[in-house]
Amino acid sequence: MTVAPVSSEVLAIYGGSPVRRTLLPYGRQSIDEADIQAVVETLRSDWLTTGPTVAEFEEAMAAWVGAKYAVSFSSGTAALHAAAFTAGLNAGDEAITSPLTFAATANCVLYQGATPVFADVVEDTLNLDPELVAASITARTKAILPVDYAGHPADLDSILQLADRHGLIVIEDACHALGAEYRGRRVGSIAHMTVFSFHPVKHLTTGEGGMVTTDDPVFAETLRRFRNHGISSDARQRQSAGQWHYEMVLLGFNYRLTDIACALGLTQMKKLEANLARRRQIAARYSAAFHNMSGVLSPRTRQHVNPAWHLYPIRLNLGRLSAGRGEVFRALRAENIGVNVHYVPVHRHPYYRDRFGYKGGEYPVAEAAYERLISLPMFHGMTDDDVEDVIRALCKVLAHFER
């Protein structure tokens with residue numbers, strides 16, 4: 001059922017009554033008593049960090065996505081950095097990625113002294129355009145970092161074919177896409193390395209946390225060493241072996257995830273299927289409600305993909321509205337709908353403009369999308385009433401601004 005807008009309603013931003021009494025955030029964690037108890041039990045155990053629960057969580061995640069190895073990290077950003085290091089990125093190298101992403105995707109290339117090269121996105125999914133990736137490959141290119149924007153997998157077949165042809169490594173930024181499926185396979189089992197995030201607004205949370213999955217044993221071992229100061233063994237391994245000696249074999253960081261966090265991750269994994277199903281229900285309800293609305297374009301899904309729906313980003317049809325994105329955004333916030341925008345294109349941030357000389361206009365599809373994007377609330381803890389509040393608010397606001 002589509003909620004009919006009432007055109008005579010006064011918007012809350014102009015003094016009318018808001019659709020909701022309290023703010024509905026765009027994303028939020030869901031924690032229950034089982035999660036709390038698992039953390040409490042770990043706090044009472046012998047290990048708080050780099051203990052048995054870390055390995056258990058990694059094994060469970062590898063099995064769930066269908067990869068041979070999973071290596072946990074203190075955040076998704078740390079996981080991206082580790083993957084960039086493991087791919088061998090260094091000064092003088094280039095890595096191609098999307099401008100329509102959180103800055104960490106490109107920053108991990110900079111951390112290694114390499115140069116991020118952006119390629120524009122395709123209009124339907126806002127993921128990397130493989131043709132433009134191909135045109136951006138040079139003798140200096142070492143890796144491609146496709147982003148699964150909003151939880152919709154990138155065109156992985158085309159990107160992996162390009163990588164194979166040019167001897168490149170594909171690091172899939174799947175921080176939005178845990179549980180997404182591409183041609184019948186779960187994301188995490190396809191690219192050379194796949195990076196996940198366990199931030200509270202994601203499909204499962206460890207507080208902060210990240211993971212890299214891979215089928216390559218050399219990559220897995222390098223990832224483990226990189227997160228542990230470059231040391232070839234961890235404290236638990238040395239304790240089990242009854243020896244103290246350790247060796248630093250590469251320059252790494254302290255990017256370890258704790259047993260406390262992994263205990264939470266394990267209990268959250270038990271709810272992952274249900275969380276994904278709920279997000280897909282919400283996305284389906286949104287898409288049905290907005291199908292015939294001239295002022296908005298709902299996210300597009302390709303036939304061979306089952307998205308994970310980390311975000312539900314709509315694009316405004318500004319030609320049909322008398323207001324810009326900023327005014328629509330503020331009006332929805334006044335209705336107590338916690339909309340957000342994902343993302344400011346990376347090359348438009350001051351740091352990238354100052355360092356690389358970007359002026360704007362280099363990536364027209366991503367930039368045009370950014371000017372029209374609004375992310376609606378999307379998290380598995382939303383009730384049906386929450387969902388209907390979002391729909392009613394958007395209908396109310398757009399009805400007011402329709403030309």
I'd like to know if the side chain of [X] reaches the main chain of [Y], judged simply by a donor and an acceptor atom lying under 3.5 Å from each other, with no hydrogens or angles considered.
X: Glu362; Y: Lys359; value: yes
X: Ser98; Y: Thr101; value: no
X: Glu56; Y: Pro52; value: no
X: Asp164; Y: Gln161; value: no
X: Thr97; Y: Leu145; value: yes
X: Gln29; Y: Val201; value: no
X: Asn306; Y: Glu181; value: no
X: Asp216; Y: Phe219; value: yes
X: Tyr149; Y: His342; value: yes
X: Thr267; Y: Leu264; value: yes

Does [X] have more than 12 heavy atoms from other residues, nucleotides or ligands lying within 6.0 Å of its [atom1]?
X: Glu131; atom1: CD; result: no
X: Arg403; atom1: CZ; result: yes
X: Arg302; atom1: CZ; result: yes
X: Phe102; atom1: CZ; result: no

What is the distance from atom [atom1] of [X] to atom [atom2] of [Y], rounded to the nearest 0.5 Å?
X: Phe196; Y: Leu204; atom1: CZ; atom2: CG; result: 10.0 Å
X: Thr50; Y: Asn228; atom1: OG1; atom2: CG; result: 6.5 Å
X: Cys108; Y: Leu89; atom1: SG; atom2: CG; result: 7.5 Å
X: Asn317; Y: Leu297; atom1: CG; atom2: CG; result: 8.0 Å

For the residue pair [X] and [Y], what are the closest heavy atoms and their distance?
X: Leu178; Y: Ala308; value: O-CB, 3.4 Å
X: Leu110; Y: Pro116; value: CD2-CD, 3.4 Å
X: Ile337; Y: Arg20; value: CD1-CD, 3.7 Å
X: Ala87; Y: Ile171; value: CB-CD1, 3.9 Å
X: Asp120; Y: Leu132; value: CB-CD1, 3.5 Å
X: Val195; Y: Ala79; value: CG1-CB, 3.6 Å

Salt bridge (Lys or Arg N to Asp or Glu O under 4.0 Å) partner of Glu273, the single match among Arg186, Arg280, Arg279
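So the option named by the test is Arg186.
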
Pick out which of Arg256, Arg224, Arg227 makes a salt bridge (Lys or Arg N to Asp or Glu O under 4.0 Å) with Glu58.
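Output: one option passes, namely Arg227.
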
Test: [X] and [Y] ion pair at under 4.0 Å:
X: Lys142; Y: Asp93; result: yes
X: Arg348; Y: Glu371; result: yes
X: Glu9; Y: Arg392; result: yes
X: Asp384; Y: Arg285; result: no
X: Glu123; Y: Arg300; result: no
X: Lys68; Y: Asp215; result: no

Under the side-chain hydrogen bond (donor to acceptor under 3.5 Å, both in side chains) test against Arg355, which residue among Tyr351, Tyr352, Tyr358 passes?
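Filter result, single survivor: Tyr351.
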
Residue list, side-chain contact (heavy atoms from CB on, under 4.5 Å) with Pro299, at least two apart or on another chain:
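Pro299: side-chain contact (heavy atoms from CB on, under 4.5 Å) contacts with Trp309, Tyr312, Pro313.
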
Apply side-chain contact (heavy atoms from CB on, under 4.5 Å) to Ser30 and list each qualifying residue two or more places apart in sequence or on a separate chain.
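Here the qualifying residues are His380.
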
Considering only heavy atoms from C-beta outward, does the side chain of [X] approach that of [Y] to under 4.5 Å?
X: Lys396; Y: Leu11; value: yes
X: Phe73; Y: Leu257; value: no
X: Arg315; Y: Leu373; value: yes
X: Glu172; Y: Leu156; value: yes
X: Thr22; Y: Asn336; value: no

Checking Asp259 against Thr49: is there a side-chain donor and acceptor pair closer than 3.5 Å?
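There is no such pair between these side chains.
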
Could you tell me if the ring centre of [X] sits under 6.0 Å from that of [Y]?
X: Phe198; Y: His203; answer: no
X: Tyr363; Y: His347; answer: yes
X: Phe226; Y: Phe85; answer: yes
X: His400; Y: Tyr14; answer: yes
X: His81; Y: Tyr111; answer: yes

Sole candidate of His199, His310, His152 that passes ring-ring contact (aromatic ring centres under 6.0 Å, His included) when paired with His176
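Answer after filtering His199, His310, His152: His310.
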
Give the C-alpha distance, both sets of side-chain angles, the deciding distance and a yes or no for side chain to side chain donor-acceptor pair (under 3.5 Å) between Gln268 and Thr205.
CA-CA 7 Å; Gln268 288 267 303; Thr205 186; 5.6 Å; no

